[in-house]
Amino acid sequence: MREASLAHLPDRIRRAIEFTPAAGTSERIIDITTQGRRTGRPRRIEIFFYRAAGATYLCSGAGGAATGWYANLLANPDFTFHLKNGIRADLPARATPVTDPAERRAVLAEIVADLNQPHDPGTIRPTRLEDWAESRLMRVSFSPRP
């Protein structure tokens, strides 16, 4: 089940996450803090995030190579989502792997189409959805603060 709503977040933070269609490359860069799957210690990792199909995703990008962040989130799905460009915020979040082929294809197609927009010459420009077919993809849900 998707938890796409960001309604519980303050407006300025919600707007920083909801931008779409494509923002520039720097607006897509965040850090995540997850537990290292081998060490059990917090590990901070820089990564891109995307908005597609009304939800927030972490994606490895074209190629689909194995990634430490994905393995860490499979082992420990609760993490901290750190907005760091413009609005700064540390948000409790949970990652869910996207394994349904139809959902994966729809989300990746939207991400690729968004990145191919000519709005920002610095944005990565994948040319084919096929290049992204094996990407590691996680849906992010944000937890309300207690």
Side-chain angles (χ1 to χ4, degrees), residues 1-35 37 42-145:
M1 175 180 186
R2 285 191 204 186
E3 289 188 14
S5 175
L6 303 175
H8 66 281
L9 297 174
D11 285 345
R12 66 185 183 81
I13 293 172
R14 181 185 44 75
R15 284 191 302 271
I17 295 170
E18 284 183 334
F19 67 85
T20 194
T25 303
S26 65
E27 289 89 0
R28 292 179 187 279
I29 299 172
I30 60 162
D31 286 346
I32 63 171
T33 298
T34 181
Q35 297 294 16
R37 70 191 179 285
R43 182 170 178 215
R44 194 162 173 138
I45 303 168
E46 187 173 76
I47 190 169
F48 285 94
F49 81 98
Y50 303 91
R51 284 291 292 179
T56 305
Y57 294 89
L58 303 176
C59 182
S60 63
T67 60
W69 67 264
Y70 187 83
N72 288 346
L73 290 175
L74 282 175
N76 301 293
D78 293 314
F79 71 102
T80 303
F81 184 100
H82 304 281
L83 284 171
K84 64 180 193 173
N85 294 303
I87 300 292
R88 295 182 184 272
D90 297 334
L91 306 168
R94 184 166 184 87
T96 304
V98 180
T99 58
D100 175 68
E103 180 182 1
R104 285 183 53 78
R105 183 162 181 81
V107 169
L108 291 170
E110 196 170 323
I111 289 171
V112 168
D114 189 39
L115 289 173
N116 277 326
Q117 296 298 311
H119 70 286
D120 179 2
T123 299
I124 300 166
R125 300 236 188 280
T127 56
R128 301 174 331 151
L129 177 58
E130 294 78 26
D131 295 338
W132 286 62
E134 299 303 317
S135 298
R136 306 295 193 258
L137 186 63
M138 291 268 191
R139 186 180 330 100
V140 176
S141 58
F142 297 94
S143 307
R145 291 210 185 263

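For clarity, every value in this text was computed on a predicted model and none was experimentally measured. Start at 1 with the first residue, then count along the sequence.
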J.: Are the side chains of Arg136 and Cys59 in contact, using a 4.5 Å heavy-atom criterion?
T.: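 Side chain of Cys59 against side chain of Arg136, heavy atoms only: no contact under 4.5 Å found.
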
J.: What residues form a salt bridge (Lys or Arg N to Asp or Glu O under 4.0 Å) with Asp31, not counting sequence neighbours?
T.: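 Salt bridge (Lys or Arg N to Asp or Glu O under 4.0 Å) check on Asp31 returns Arg44, Lys84.
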
J.: Spell out, as yes or no, whether a donor-acceptor pair under 3.5 Å connects the side chain of Asn85 to the backbone of Ile29.
T.: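 Confirmed, Asn85 side chain pairs with Ile29 backbone.
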
J.: Heavy-atom count around Glu46 CD within 6.0 Å, excluding the residue itself: above 12?
T.: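 It does: Glu46 CD has more than 12 such atoms within range.
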
J.: So, using salt bridge (Lys or Arg N to Asp or Glu O under 4.0 Å) as the criterion, who are the partners of Asp11 when residues are at least two apart?
T.: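 Here the qualifying residues are Arg14.
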
J.: Can you name the residues that form a side-chain contact (heavy atoms from CB on, under 4.5 Å) with Pro97, not counting sequence neighbours?
T.: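 side-chain contact (heavy atoms from CB on, under 4.5 Å) list for Pro97, sorted by chain: Tyr70, Leu74, Thr99, Met138.
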
J.: Which value, rounded to the nearest 0.5 Å, describes the distance between Thr67 atom OG1 and Ile45 atom CD1?
T.: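 Between atom OG1 of Thr67 and atom CD1 of Ile45 there are 8.0 Å.
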
J.: I'd like to check Thr56 versus Arg51 (side-chain heavy atoms, cut-off strictly below 4.5 Å). Are they in contact?
T.: yes

J.: Return the CH2 to CD1 distance between Trp69 and Ile47, rounded to the nearest 0.5 Å.
T.: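 The CH2 atom of Trp69 sits 4.0 Å away from the CD1 atom of Ile47.
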
J.: Restricting to salt bridge (Lys or Arg N to Asp or Glu O under 4.0 Å), what partner residues turn up for Arg94, sequence neighbours left out?
T.: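 So Arg94 forms a salt bridge (Lys or Arg N to Asp or Glu O under 4.0 Å) with Asp78.
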
J.: May I ask you to test the Val112-Asp131 pair for a side-chain heavy-atom distance under 4.5 Å?
T.: no

J.: Taking atom CG of Leu73 and atom OG1 of Thr34, what is their separation to the nearest 0.5 Å?
T.: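 Here the interatomic distance stands at 4.5 Å.
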
J.: Which distance, rounded to the nearest 0.5 Å, do you find between the CD1 of Ile87 and the CZ of Arg12?
T.: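 One gets 5.0 Å once the value is rounded to the nearest 0.5 Å.
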
J.: Can you measure from CG (Leu58) to OH (Tyr50) and round to the nearest 0.5 angstrom?
T.: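 Answer for the CG-OH pair, Leu58 versus Tyr50, is 9.5 Å.
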
J.: Taking Val98's backbone N and O only, do any of them form a donor-acceptor pair with Arg139's side chain (distance below 3.5 Å, no angle check)?
T.: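 No: the side chain of Arg139 does not pair with the backbone of Val98.
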
J.: So Ile17 and Leu91, do their side chains get closer than 4.5 Å, heavy atoms only?
T.: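 Sidechains of Ile17 and Leu91: in contact.
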
J.: Only counting residues at least two apart or in another chain, list the ones meeting side-chain contact (heavy atoms from CB on, under 4.5 Å) with Arg37.
T.: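 Testing Arg37 for side-chain contact (heavy atoms from CB on, under 4.5 Å), a comparison that skips the adjacent residues, returns Ala71, Asn72, Ala75.
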
J.: Listing request: all ring pair (Phe, Tyr, Trp, His ring centres under 6.0 Å) pairs with a residue in residues 80-102, at least two apart in sequence or in separate chains.
T.: Phe49-Phe81, Phe81-Phe142

J.: Which atoms form the tightest heavy-atom contact between Val107 and Ala53, and what is the distance?
T.: CG2-CB, 4.3 Å

J.: So how far is it from Leu108 CG to Glu134 CD, rounded to the nearest 0.5 Å?
T.: 10.0 Å

